[in-house]
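One structure is given below, encoded as structure tokens.
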Protein chains: 2
Amino acid sequence: MTEATRRERLRAETEREIRQAARALLVESGRDAVTLRAIARKLGITAPALYRYYDSHDALLRQLCDDICADMATALHTDLAAETSGQVGCKVRAVCHAFRRWALVHPQEFALVFASPRDPLGADQFGSVFLQLAGPLIASNQTADHAEEEVPAVLHEDLVRFQQVLRDAVAEHGVTLADEVLNLGKIYHVVQSWVRLYGHVALEVFGRFPFAVSNPEPMFDSMLDQMLTDIGFEEDSAVR
Amino acid sequence: MTEATRRERLRAETEREIRQAARALLVESGRDAVTLRAIARKLGITAPALYRYYDSHDALLRQLCDDICADMATALHTDLAAETSGQVGCKVRAVCHAFRRWALVHPQEFALVFASPRDPLGADQFGSVFLQLAGPLIASNQTADHAEEEVPAVLHEDLVRFQQVLRDAVAEHGVTLADEVLNLGKIYHVVQSWVRLYGHVALEVFGRFPFAVSNPEPMFDSMLDQMLTDIGFEEDSAVR
DNA sequence: GTTTTTGGTGAACGGTGTTTACAAGAGTTC
DNA sequence: GAACTCTTGTAAACACCGTTCACCAAAAAC
């Protein structure tokens, strides 16, 4: 299976070390410390050697973003798998808690991936991470029904496109969704939930609540309760 | 009145130019371009001269943050003053729209002030800007009543503290608030509204919606409708 | 008129991204 | 095995960065 040349193996190993060093620098000392020369020092090589692996400092940072997204995805999937109750609401709650926990433990990574003025194309891994997590959860929530009429007509076009993206994401897992499971009302609530989830987590990580919150977790829980109720999980959200 | 020495006037003028140059660099080329040498070049002086005005590059960036907060505050107050209808809901809507507009026009400033892993003390101008805007608006909303029982008990302590901060902020404008106008339920909704407002704006500025939103403004309006309904402004929120 | 304070300079140190020319080793070809 | 190419590293250099230091001229204070 491993048709890798000796050279290819060495190259892959070096590349792994580069990413690892870059990540360590980001975590320990922030974005500005992720410097080509610092990475090279950690590997015991010189800075220009890194140009054999990445076109520029910027390209290396982009790679770092993707690595972070991938690691975050595995962290969230792990926490989701640990939630063994069959109740969808509990699973959603578990993923949201996992996201908050990850962001608080990895503030530098969170800032880099979720709060940098975006690369023009913005084509990174975040979108697929979101879909892989949210897709199956939405798909398994057969019960809730949302009035499609509440959704403003101007949003229909965008939401229909997102609906199709979600459908494709779920289809890759071999599930086909009926229209009523994925109507526009529900899609809209998913987006609104993301706004609130992201809003709370970012405010907490960046310390931007308008007053000092001594213990933000209950506030997060309370927001989740409201969010799950709005999205149609109230039946099992009380149990936790 | 102007007891300023000739030297003091010159110094103030130079300091003004420094801030102006720093701001221009931030806007034109991002945070990393705000460099002491670049600022000095714009002023036609040398970099070490800037140390006569600021202790370090970091201190200058902090000053920049405060300037940004101040400018944002005047922008928001201006847009609020332009909303002449007496309806509180319309004023809240105007401020929220102003915040979104400001963030979209000033993405670099927004990122610097609202999405940087915080300085330990985080003692900057944002808090007072928030209070000066939100305080009077909340005070003038005498109608809505929120059940205090809905607020989780664990949050009471923090919310009571925020309540006092709000009361003090409004008191500086010569208004004293009755307890029923500023009960914990309303305070809680204010915080939740900030979560949603910030969440949407940050997601839009950073391009972090999980799919491409062709025209985010209607989505923002829709969120505002929901938000104003939740907070108790539904009666006049339909009119806009 | 002398002294002190202020706001500037230029040189220097160690740090950064990036380019270039060059060398040594691995892999390939004859 | 010799010759050749490709890969991966180096060292030197360039221009930029924050910061410190010694110095200096002009303004202010006395």
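Chain naming here is simple, since letters A, B, ... match the order of the sequence lines and numbering starts at 1 in each.
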ask   = Looking only at side-chain N and O atoms, does R11(B) come under 4.0 Å of OP1 or OP2 in dG7(C)?
value = yes
task = Whole angstrom is fine here: how far is it from CD in E8(B) over to C1' in dG7(C)?
result = 14 Å
task = Just say parallel, tilted or perpendicular for the rings of F110(A) and F206(A), cut-offs at 30° and 60°.
result = tilted
query = Which whole-number value in Å describes the distance from E13(B) CD to dG8(C) C1'?
reply = 17 Å
task = Output yes when a side-chain donor or acceptor of R19(B) lies under 3.5 Å from a complementary backbone atom of L60(B), and no otherwise.
result = no
task = Identify the two heavy atoms, one from A75(A) and one from W102(A), that lie closest to each other, and give their separation to 0.1 Å.
result = CB-CD1, 4.2 Å
Flag, side chain of H57(A) to backbone of V34(A), donor-acceptor distance under 3.5 Å = yes
key: Listed nucleotide nearest any side-chain atom of I45(B), set dG8(C), dT8(D), dT10(D)   = dG8(C)
inquiry  = What is the separation between atom CG on L25(A) and atom C1' on dT16(C), rounded to the nearest whole Å?
reply    = 14 Å
ask   = Going 5' to 3' along nucleotides 22-30 of chain D, which nucleotides have protein heavy atoms under 4.0 Å from the base (write B), which only from the sugar-phosphate (write S), and which from neither (write -)?
value = -----BS--
inquiry  = Just the rounded figure in Å: distance from C1' of dT8(D) to OH of Y54(A).
reply    = 15 Å
Name the pairs: protein N/O against N/O of nucleotides 15-19 of chain D, kept only if under 3.5 Å.
{"from": "dC17(D)", "atom 1": "OP1", "to": "R41(B)", "atom 2": "NH2", "distance (Å)": "3.0"}
{"from": "dC17(D)", "atom 1": "OP2", "to": "R41(B)", "atom 2": "NH1", "distance (Å)": "3.1"}
{"from": "dC17(D)", "atom 1": "OP2", "to": "R41(B)", "atom 2": "NH2", "distance (Å)": "3.4"}
{"from": "dC17(D)", "atom 1": "O3'", "to": "T35(B)", "atom 2": "OG1", "distance (Å)": "2.2"}
{"from": "dG18(D)", "atom 1": "OP1", "to": "T35(B)", "atom 2": "OG1", "distance (Å)": "2.7"}
{"from": "dG18(D)", "atom 1": "OP1", "to": "L36(B)", "atom 2": "N", "distance (Å)": "2.6"}
{"from": "dG18(D)", "atom 1": "OP2", "to": "T35(B)", "atom 2": "OG1", "distance (Å)": "3.1"}
{"from": "dG18(D)", "atom 1": "OP2", "to": "L36(B)", "atom 2": "N", "distance (Å)": "3.1"}
{"from": "dG18(D)", "atom 1": "OP2", "to": "R37(B)", "atom 2": "N", "distance (Å)": "3.1"}
{"from": "dG18(D)", "atom 1": "N7", "to": "R37(B)", "atom 2": "NH1", "distance (Å)": "2.2"}
{"from": "dG18(D)", "atom 1": "O6", "to": "R37(B)", "atom 2": "NH1", "distance (Å)": "3.1"}
{"from": "dG18(D)", "atom 1": "O6", "to": "R37(B)", "atom 2": "NH2", "distance (Å)": "3.4"}
{"from": "dT19(D)", "atom 1": "OP2", "to": "Y51(B)", "atom 2": "OH", "distance (Å)": "2.6"}
{"from": "dT19(D)", "atom 1": "OP2", "to": "H57(B)", "atom 2": "N", "distance (Å)": "2.7"}
{"from": "dT19(D)", "atom 1": "O5'", "to": "Y51(B)", "atom 2": "OH", "distance (Å)": "2.8"}

query = Under the 3.5 angstrom rule, does the side chain of Y198(B) hit a backbone N or O of F114(B) as a donor-acceptor pair?
reply = yes
Smallest separation among heavy atoms of D66(A) and Q125(A), with atom names = O-OE1, 3.2 Å
task = Look up atom CG in D221(B) and atom CG in L228(B), then write down how far apart they are to the nearest 0.5 Å.
result = 10.5 Å
task = Give a yes or no answer on whether the side chain of W194(B) reaches the backbone of R208(A) with a donor-acceptor pair at less than 3.5 Å.
result = yes
query = Side-chain N or O of T46(A) less than 4.0 angstrom from OP1 or OP2 on dT10(D)?
reply = yes
request  = Describe the nucleic acid contact of Y53(A) in one word from base, sugar-phosphate, nothing, applying a heavy-atom distance below 4.0 Å.
outcome  = sugar-phosphate
